[in-house]
Amino acid sequence: MPELPEVEVVRRGIDRWATGRPIAGVEVRYPRSIRRSPGGVAAIRDALVGDSFRCASRRGKYLWLPLTHKADLALVVHLGMSGQVLMQPRDAQDEKHLRVRIAFADDDREMRFVDQRTFGGLYLDELRSGLPTTIEHIARDPLDPLFDADATARAIRRKDTEIKRVLLDQSVVSGIGNIYADEALWRAKLHGRRPTGRLRQPRVRELLSHARDVMDAALGEGGTSFDSLYVNVNGESGYFDRSLDAYGREGEPCHRCGAPMRREAFMNRSSFRCPRCQPTPR
DNA sequence: CGCGCCTCCTGTGTGC
DNA sequence: TGCACACAGGAGGCGC
């Protein structure tokens, strides 16, 4: 489940291997994967073929690849639940869930978008002040140099809801998904259902620091290599088993106090917490 | 207006 | 053995 660290690894891979190369062709194997792209595959082809990706940018879980010559256009990439971007030799066998293929004129490895559950996709978008118009509502993420922790903490406290909901609200702070939300809450010793308005500003700042730290640590471990299978949908990536303190640890001892970790339904998904370190709010 | 639930999607695991 | 169903969850959309 790609959250910020996984997406950043993909960004670096694209930046390293796919930018500056003349694009020769686009093949869409599964139209649903470009459903958000105005004009469909024809418009993508018109824009991309003959141009090149200038760089790979990211905000939260969104990637975008601005074009070199059409400077106001970018290809936006969202991995959704199960998306992968792979650089593969042209003659490598198609992946089972290969959705889109982008070939380069220099003929050295093509870029493939592979996505089992098809929540992700690729689409063309216009840039406004360097940002795709469709992600203007996405807030800066905690690893962004311009991330304003004070302002974000204030925005969080203004919300009339529970703390985990806000951590997952990409318009308040981006890049955090279910896994890193649980990890940050565990580090901060906070229950996800704590009402935001009842948390003091320094507590919220602390929580945001933990979110940044845990994502930074995951990024440091880097997942596996970019050119083979990066994150498989079964969660078998490099760092998963090693460094998680909360997510997926139902029944296992809390790494801090030893109490058996609990799993609870929350927002139609699972939340994991320590019943002793993160007690239920009254 | 803002909060929160529903839905989309498919492979895997589990229980009967 | 095979079927049915729960589960994984990012995020847009919509109802209240």
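Just so it is clear: chains get the letters A, B, ... in the order the sequence lines come, proteins before strands, and each one is counted from 1. All values below were derived from every heavy atom in this structure, side-chain atoms included, with hydrogens, water molecules and symmetry-related copies excluded.
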Checklist line | Salt bridge A:Arg12-A:Glu8, side-chain N to carboxylate O under 4.0 Å | finding: yes

Check: Going by atom types alone, do A:Arg36 and A:His78 pair a side-chain donor with an acceptor below 3.5 Å?
Finding: no

Item checked: Interatomic distance where CG belongs to A:Leu167 and P belongs to C:dG9 [whole Å] -> 15 Å

Margin query: With a 4.0 Å limit, can you tell me whether A:Ser270 has a side-chain N or O closer than that to the phosphate oxygens OP1/OP2 of C:dA8?
Written below: yes

Checklist line | A:Leu168, nearest nucleotide to its side chain (from C:dA8, C:dG10, B:dG11) | finding: C:dG10

Margin query: Within the structure provided, determine whether A:Phe113 and A:Ile102 are in side-chain contact (heavy-atom separation under 4.5 Å).
Written below: no

Notebook entry, point to check: Just one of A:Arg109, A:Arg112, A:Glu95, A:Gln93 clears the side-chain hydrogen bond (donor to acceptor under 3.5 Å, both in side chains) bar with A:Gln88, so which one?
Noted result: A:Glu95

Next item on the list: Please name the pair of heavy atoms, one in A:Trp186 and one in A:Met261, separated by the smallest distance, quoted to 0.1 Å.
Entry: CD1-CE, 4.0 Å

Margin query: Hydrophobic clusters here meaning ILVMFWY residues chained together by side-chain heavy-atom distances under 4.5 Å, can you tell me if A:Tyr62 and A:Ile179 are in one?
Written below: no

Checklist line | Phosphate OP1/OP2 of C:dA11 contacted by A:Arg35 side-chain N/O (<4.0 Å) | finding: no

Checklist line | Distance in angstrom units between A:Phe272 CZ and C:dC7 P, rounded | finding: 11 Å

Note to self: On the nucleotide B:dT10, are OP1 or OP2 found under 4.0 Å from the side-chain N or O atoms that A:Tyr30 carries?
What the structure shows: yes

Note to self: Strictly below 4.0 Å: does A:Gln116 bring a side-chain N or O up to OP1 or OP2 of B:dT10?
What the structure shows: no

Next item on the list: Mind calculating the distance between CG (A:Asp115) and C1' (C:dA11) to the nearest angstrom?
Entry: 14 Å

Next item on the list: Using only side-chain N and O atoms of A:Asn268, determine if any of them is under 4.0 Å from OP1 or OP2 of B:dC5.
Entry: no

Margin query: Given C:dG9, C:dC7, C:dG10, identify the nucleotide with an atom nearest to the side chain of A:Met81.
Written below: C:dG9

Next item on the list: State plainly whether one hydrophobic cluster holds both A:Val76 and A:Phe53, where clusters connect Ile, Leu, Val, Met, Phe, Trp and Tyr through side-chain heavy atoms under 4.5 angstrom apart.
Entry: no

Item checked: Whole angstrom value for the distance that separates C1' of C:dC7 from CD1 of A:Ile179 -> 14 Å

Margin query: Stacking between C:dA11 and A:Phe119, yes or no? Criterion: centroid separation under 5.5 angstrom, plane angle under 30 degrees.
Written below: no

Check: Should A:Leu67 and A:Ile44 be regarded as members of a common hydrophobic cluster, given that ILVMFWY residues are connected when their side-chain heavy atoms come within less than 4.5 Å of each other, either directly or indirectly?
Finding: yes

Margin query: Tell me the interatomic distance from A:Arg269, atom CZ, to B:dC5, atom C1', rounded to whole angstroms.
Written below: 11 Å

Next item on the list: Take atom CG of A:Asp141 and atom C1' of C:dA11, then tell me their distance rounded to the nearest Å.
Entry: 17 Å

Next item on the list: Answer yes or no: does a side-chain N or O of A:Arg32 lie under 4.0 Å from OP1 or OP2 of B:dC9?
Entry: yes

Checklist line | Distance in angstrom units between A:Arg263 CZ and C:dA6 P, rounded | finding: 13 Å

Check: Does a side-chain N or O from A:His137 land closer than 4.0 Å to OP1 or OP2 of C:dA11, or not?
Finding: no

Next item on the list: Measure from CE on A:Met267 to P on C:dC7 and round the result to the nearest Å.
Entry: 17 Å

Notebook entry, point to check: Quick one: bend of the helix from B:dG2-C:dC16 to B:dC16-C:dG2 from 5 pairs per end, to 10°?
Noted result: 60°

Checklist line | Nucleotide of C:dG10, B:dG11, C:dG12 approaching A:Glu3 most closely (side-chain heavy atoms) | finding: C:dG10

Item checked: From A:His191, A:Arg194, A:Arg193, A:Arg262, residue fulfilling side-chain contact (heavy atoms from CB on, under 4.5 Å) relative to A:Thr280 -> A:His191

Notebook entry, point to check: Quick one, which residues of residues 154-163 of chain A touch DNA chain B with a heavy atom under 4.0 Å?
Noted result: A:Lys159, A:Asp160, A:Thr161

Checklist line | C:dA8 phosphate, OP1 or OP2, under 4.0 Å from A:Tyr247 side-chain N/O | finding: no

Check: A:Tyr30 ring centre to A:Arg99 NZ or CZ under 6.0 Å, with the angle to the axis within 45°?
Finding: yes

